[in-house]
Amino acid sequence: MIEEKILAQCCHAVQKLYGHELNPASVGLEKTKKEITGDFTVVVFSLLKISRKSPETTATEIGTFLQQNMPEIETFNVIKGFLNLVLSDHFWMKFLVKNAVLPDFGFCKSRHEHPVVLEYSSPNTNKPLHLGHIRNNLLGFSLAEILKANGHKVVKVNLVNDRGIHICKSMLAYMRWGNHETPGSTGMKGDHLIGKYYVLFDKEYKAEIHDLIGKGLTEEEAEKQAPLIVEAQEILRKWEAKDPETITLWKEMNGWAYQGFDLTYRRLGVDFDHIYYESETYLHGKKLVMEGLDSEVLVQKEDGSIWADLRDEGLDEKLLLRADGTSVYMTQDLGTAQLRYDEYRPSSMIYVVGNEQNYHFDVLKKVLTKLGMEYGKHIYHLSYGMVELPQGRMKSREGTVVDADDLMDEMLRTAEETTRELGKADELSDEDATRLFNTIGLGALKYFILKVDPKKNMMFDPRESIDFNGNTGPFIQYTYARIQSLLAKASSAGFLWEDAKISLHLPLLPLEKETIKRLYQFRETIVQAGEELSPAIIANYIFDLAKGFNQFYQELPVLKEEDPEKVVLRICISKFTGSVIKKSMKLLGIEVPERM
RNA sequence: GGCCCUGUAGUUCAAUGGAUAGAACGGAAGUUUCCUAAACUUUAAAUCCAGGUUCGAUUCCUGGUGGGGCUACCA
């Protein structure tokens with residue numbers, strides 16, 4: 001990379017000019033701002049103590065040295081303490097010609113022995129997926145792609161929360177009021193059917209609480225004593241005791257949920273290498289807890305419940321096993337962490353989980369470490385922000401949840417409407433048209449969600465999300481489709497750029513050079529996105545690339561250019577841009593259409 | 001109450017401690033005998049407040065203030 005070379009030469013310059021050994025990391029090197037002439041900028045303020053000269057003189061001296069010692073540097077200019085370096089067109093041409101044809105340009109060869117275990121999605125089986133899960137799934141899938149592009153092996157895992165009190169609530173409501181209906185008998189998607197009973201449980205439970213409070217109980221007492229919740233807890237105990245009837249119903253209802261989830265996952269385009277079921281893993285956690293108790297790392301209270309005391313580490317006491325011996329969330333997360341460690345010996349484990357669980361993961365890491373598990377230190381919680389609606393936070397009980405399936409339907413419908421309005425579907429077969437609507441609708445949704453920094457809460461305004469202009473997925477898809485159309489025309493006009501010889505000494509116009517520079521940045525963008533675990537960095541990059549290309553395309557003729565060498569050059573830039581757009585969109589899990 | 005996150009144009013988002021704080025949408029005004037106008041061009045518009053560290057702070061630190069989350073024998 002040229003950046004490293006510049007840094008090294010800067011150190012060299014400082015050594016030669018001022019007799020001081022400099023660490024390359026301490027040199028400020030950045031991309032030159034748009035309005036200023038130059039490709040890279042060295043900020044010399046921090047070197048003034050060493051040079052004991054003015055910023056201008058220091059920058060000029062270093063610039064002169066670099067120009068003399070690096071053939072890639074054509075010229076430079078100095079503004080205050082900013083040394084702006086201009087690389088030669090020859091350098092950019094060499095980059096272009098060498099990399100445009102590399103199929104895996106920007107990607108890193110596999111270079112890590114141990115995989116990264118990446119958990120995402122992790123639904124509960126008591127209700128269908130909603131907008132929050134969509135953010136989770138898109139982030140998880142995209143991160144896996146980004147990590148792979150950085151040379152990691154990735155094991156995508158899903159931990160299905162298929163047991164616990166929440167499932168028992170749906171089961172109880174179904175037993176009471178279900179009349180043996182099934183997805184088949186109602187035509188409802190399985191996960192939605194189960195969700196219906198979860199909502200029903202909550203409604204009836206609320207009513208019971210209300211009654212009890214009317215009879216003089218406090219709210220807290222009422223919440224604990226309401227017959228429905230007591231019965232749901234009884235079902236949980238029966239389940240843990242493997243009561244056959246309970247297990248049968250549980251299996252049936254979970255089966256419905258899985259069928260529903262599979263459809264949603266497939267539509268969303270996400271997948272997993274390994275699915276863990278909490279029902280199969282929670283006992284491992286129990287075992288770990290018992291071992292921790294034996295070694296006196298954990299404590300047992302009089303009622304028999306088992307706790308981790310983390311007060312020395314600034315946290316609280318945390319329950320790990322209830323008095324009745326049943327497991328809690330933390331118990332099973334301890335168990336699955338251990339399972340994953342045993343199975344994959346990962347270099348790290350990443351959990352894509354909402355930021356409301358920050359505390360949970362603090363505790364998880366600390367408890368594992370307390371139990372003597374070194375890998376606890378290599379657990380990384382990718383804590384993403386909430387998705388809010390214009391009306392405020394989504395609340396399942398208040399019916400303000402945006403359902404994942406409904407949302408995708410809506411996006412597809414809008415994609416179809418808009419595409420037909422523009423007359424773009426006229427020449428397509430039904431099959432191609434449907435595929436296109438799907439590509440555009442999902443592209444819009446995915447891009448809208450992934451372009452936001454994962455850590456931040458985001459606002460989801462349905463009206464804005466279905467916009468196809470500006471910084472959107474379809475804008476980028478459109479840019480790609482135009483490039484493909486251009487290339488098709490080029491090849492039918494007989495321009496086979498692969499065979500053509502471009503002179504490496506061709507002078508570049510600003511728009512040509514800017515586009516090549518953006519392509520050059522693809523590699524470092526992937527690295528940065530991998531380090532920060534942020535698909536948003538990729539998204540911002542593609543937008544910048546596409547936007548810049550549209551300008552290039554608007555201002556400069558490609559096929560109609562008179563100079564045949566320039567035609568080949570511009571086709572080459574176009575083809576390269578198309579391939580980088582496609583690859584970056586792939587990193588986000590977004591498809592691009594060949595025409596639209 | 002305690003702990004954590006957060007506050008940038010009207011709105012949604014950007015900006016490894018660096019130059020005149022960038023985009024998009026929305027607003028205003030333009031560009032089709034020309035490779036796809038789902039495009040392009042021009043234009044108005046913002047760093048919550050007060051201190052501190054620094055040659056330099058949207059960025060780091062402290063206090064205040066607004067918003068969100070966690071603080072369950074739910075997950």
Side-chain angles (χ1 to χ4, degrees), chain A residues 28-30 32-36 41 43 45-46 48-49 55 79-82 84 122 124 126 161 163-167 169 220 223-224 229 233 278 301 303 305-307 314-316 319-324 326-330 332-333 354-360 362 383 385-386 388 390 392-393 418-419 421-422 424 440 448 451-453 455-461 463-465 467-472 474-479 481-490 493 528 532 536-537 539-540 543-544 547 550-551 553-561 570-571 574 595-596:
Chain A
L29 181 69
E30 46 199 65
T32 305
K33 290 190 66 164
K34 212 177 156 196
E35 321 79 63
I36 292 163
T41 296
V43 185
F45 290 111
S46 59
L48 301 184
K49 271 177 272 174
I79 302 172
K80 290 187 276 185
F82 298 97
N84 304 306
S122 307
N124 294 344
N126 63 327
N161 293 304
R163 47 137 262 132
I165 190 71
H166 51 292
I167 318 298
K169 290 178 183 176
E220 201 180 330
E223 280 173 4
K224 283 185 176 160
I229 195 69
Q233 276 157 355
E278 190 185 319
K301 296 209 169 171
D303 64 1
S305 57
I306 300 175
W307 299 70
L315 300 178
D316 226 328
L319 177 86
L320 298 179
L321 221 49
R322 294 189 187 101
D324 65 7
T326 55
S327 300
V328 292
Y329 181 40
M330 185 62 70
Q332 66 84 17
D333 248 0
N355 63 12
E356 72 232 343
Q357 293 191 33
N358 286 353
Y359 182 72
H360 172 81
D362 278 352
S383 161
M386 316 249 88
E388 280 164 34
R393 198 184 167 184
T418 312
T419 306
E421 255 171 46
L422 292 168
K424 304 251 181 189
I440 296 174
F448 185 83
K451 76 176 173 187
V452 181
D453 182 343
K455 292 192 293 291
K456 294 194 177 169
N457 286 358
M458 67 172 289
M459 173 66 67
F460 187 88
D461 186 337
R463 275 187 323 229
E464 245 179 85
S465 70
D467 199 339
F468 294 167
N469 300 316
N471 189 358
T472 65
F475 170 90
I476 293 159
Q477 291 171 324
Y478 177 67
T479 306
R482 282 215 296 200
I483 291 174
Q484 296 322 297
S485 158
L486 178 72
L487 294 175
K489 289 210 163 96
Q528 199 196 345
E532 297 183 27
I537 289 170
N540 288 332
F543 176 65
D544 188 49
K547 177 95 188 146
N550 280 336
Q551 214 175 100
Y553 180 88
Q554 182 85 15
E555 301 293 327
L556 301 176
V558 178
L559 301 175
K560 303 198 167 160
E561 163 63 36
R570 289 177 193 164
I571 291 175
S574 303
R595 55 183 290 193
M596 72 184 269

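Below, all heavy atoms of this structure are taken into account, side chains as well, without hydrogens, waters or symmetry copies. In this text, all values refer to a predicted model and were calculated from it rather than measured experimentally. Proteins come first, then strands; the chains are lettered A, B, ... in the order of their sequence lines, and each starts at number 1.
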Discussion item. Applying a 4.0 Å non-hydrogen cut-off, can you work out what A/Ile165 is touching in the nucleic acid: base, sugar-phosphate, or nothing?
Written reply: sugar-phosphate
Practice prompt. Could you measure between the two C1' atoms, the one in B/rA19 and the one in B/rU71, and give it in whole Å?
Written response: 46 Å
Worksheet item: Within the stacking criterion (centroid distance below 5.5 Å, interplanar angle below 30°), does A/Phe45 stack on B/rG18?
Response: yes
Practice prompt. With heavy atoms under 4.0 Å as the rule, sort A/Phe475 into base, sugar-phosphate or nothing.
Written response: sugar-phosphate
Worksheet entry | P gap between B/rU33 and B/rG18, integer Å | 46 Å
Practice prompt. Could you let me know what B/rU54 is paired to, Watson-Crick or G-U wobble, both distances under 3.5 Å, or none if it's on its own?
Written response: none
Worksheet item: On a whole-Å scale, what distance lies between the C1' atoms belonging to B/rC4 and B/rA9?
Response: 29 Å
Worksheet entry | Length of the line joining A/Lys547:NZ and B/rG22:C1', which is rounded to integer Å | 12 Å
Discussion item. Students often get this wrong, so: under 4.0 angstrom with heavy atoms, is A/Lys455 touching a base, only sugar-phosphate, or nothing?
Written reply: nothing
Response to the item:
Between A/Lys455 and the options A/Val452, A/Asn457, A/Asp453, the side-chain contact (heavy atoms from CB on, under 4.5 Å) test singles out A/Asp453
Item to complete: Decide if the gap between the ring center of A/Phe468 and the ring center of A/Tyr478 is smaller than 6.0 angstrom.
Response: no
Fill in: Short side-chain to backbone donor-acceptor contact, A/Asp467 and A/Asn469, under 3.5 Å
yes
Item to complete: With P as the reference atom in both, quote the distance from B/rG7 to B/rU62 in angstrom, rounded to an integer.
Response: 16 Å
Worksheet item: Hey, does A/Lys33 reach any base, or is it just sugar-phosphate, or nothing, if we go heavy atoms under 4.0 Å?
Response: base
Worksheet item: For the side chain of A/Tyr553, counting heavy atoms from C-beta on, which of B/rU36, B/rA24, B/rC34 is nearest?
Response: B/rU36
Worksheet item: What interatomic distance, in whole Å, is found between C1' of B/rG30 and the corresponding atom of B/rA44?
Response: 16 Å
Fill in: Counter-base of B/rG66, judged by Watson-Crick or G-U geometry with both distances under 3.5 Å
B/rU6
Worksheet item: Counting side-chain heavy atoms from CB outward, which of B/rC73, B/rC35, B/rA39 is closest to A/Val558?
Response: B/rC35
Discussion item. Need the pair for B/rA14. Rule: Watson-Crick or G-U wobble, both distances under 3.5 Å, any strand; none if unpaired.
Written reply: none
Discussion item. For a salt bridge (charged side-chain N to carboxylate O under 4.0 Å, His left out) check, start with the C-alpha distance between A/Asp461 and A/Arg463, then their side-chain angles and the critical distance, and finish with the verdict.
Written reply: CA-CA 5 Å; A/Asp461 186 337; A/Arg463 275 187 323 229; 3.5 Å; yes
Discussion item. Need one value for A/Tyr478: base, sugar-phosphate or nothing, where a base atom within 4.0 Å counts as base even if backbone is also close, heavy atoms only.
Written reply: base
Discussion item. With hydrogens left out and only the distance checked, is there a donor-acceptor pair under 3.5 Å joining A/Asn84's side chain and the base of B/rA19?
Written reply: yes
Discussion item. Considering every strand and a 4.0 Å limit on heavy-atom distances, what is the contact class for A/Ala536: base, sugar-phosphate, or nothing?
Written reply: nothing
Fill in: P spacing across the pair B/rA50 / B/rG69, given as an integer number of angstrom
29 Å
Worksheet item: Is the closest side-chain donor-acceptor distance between A/Asp333 and A/His360 under 3.5 Å?
Response: yes
Discussion item. Only pairs with both distances under 3.5 Å count, Watson-Crick or wobble alike; so what is the partner of B/rG1 in this structure?
Written reply: B/rU71
Discussion item. Over all strands shown, is A/Glu30 touching base, sugar-phosphate only, or nothing at heavy-atom distances under 4.0 angstrom?
Written reply: base
Worksheet entry | Shortest non-hydrogen separation from A/Leu319 to A/Trp307 and the atoms involved | N-CE3, 3.3 Å
Worksheet item: OP1 or OP2 of B/rC74 sitting under 4.0 Å from any side-chain N/O of A/Arg322?
Response: yes
Discussion item. Looking at B/rC5, I'd like to know if its phosphate oxygens (OP1 or OP2) sit under 4.0 Å from a side-chain N or O belonging to A/Lys456.
Written reply: no
Practice prompt. Provide the distance between the two P atoms, one in B/rA75 and one in B/rA39, to the nearest whole Å.
Written response: 48 Å
Practice prompt. May I ask you to say what A/Thr41 touches in the nucleic acid, namely base, sugar-phosphate or nothing, with a heavy-atom cut-off under 4.0 Å?
Written response: base
Item to complete: Using only heavy-atom distances, determine whether the side chains of A/Glu532 and A/Gln528 contain a donor-acceptor pair under 3.5 Å.
Response: yes
Discussion item. So, does A/Arg482 get its side chain near the phosphate of B/rA37, meaning an N or O under 4.0 Å from OP1 or OP2?
Written reply: yes
Item to complete: Answer yes or no: does a side-chain N or O of A/Arg393 lie under 4.0 Å from OP1 or OP2 of B/rG69?
Response: yes
Worksheet item: So what does A/Val43 hit on the nucleic acid, given a heavy-atom distance under 4.0 Å: a base, only sugar-phosphate, or nothing?
Response: base
Item to complete: Output yes when at least one side-chain N/O atom of A/Tyr329 is less than 4.0 Å from OP1 or OP2 of B/rA75, else no.
Response: no
Worksheet item: Should B/rU36 form a Watson-Crick or G-U wobble pair with both distances under 3.5 Å, which nucleotide is its partner?
Response: none
Practice prompt. Just name whichever nucleotide pairs with B/rG26, Watson-Crick or G-U, keeping both distances under 3.5 Å, else none.
Written response: none
Discussion item. Give me the distance, rounded to whole Å, that separates B/rA45 from B/rU8 when you measure between the C1' atoms they each carry.
Written reply: 13 Å
Worksheet item: Just checking A/Ile483: base, sugar-phosphate only, or nothing, at a heavy-atom cut-off of under 4.0 Å?
Response: nothing
Fill in: Minimum-distance nucleotide (side-chain atoms of A/Ile36 versus B/rA19, B/rU11, B/rG18)
B/rA19
Item to complete: Could you classify B/rU11 for me, syn or anti, using a glycosidic angle within 90° of 0 as syn?
Response: anti
Response to the item:
With the side chain defined as heavy atoms from C-beta on, A/Gln554 is closest, among B/rA75, B/rC40, B/rU12, to B/rC40
Item to complete: Mind checking A/Gln332 for me? I need base, sugar-phosphate or nothing, with any heavy atom below 4.0 Å counting as a touch.
Response: nothing
Discussion item. Under 4.0 Å, counting only non-hydrogen atoms across every strand here, what does A/Thr419 touch: a base, just sugar-phosphate, or nothing?
Written reply: base
Discussion item. Side chain of A/Gln233, heavy atoms from C-beta onward: which of B/rU11, B/rC74, B/rA39 has the nearest atom to it?
Written reply: B/rC74
Worksheet item: Does a side-chain N or O from A/Lys451 land closer than 4.0 Å to OP1 or OP2 of B/rA23, or not?
Response: no
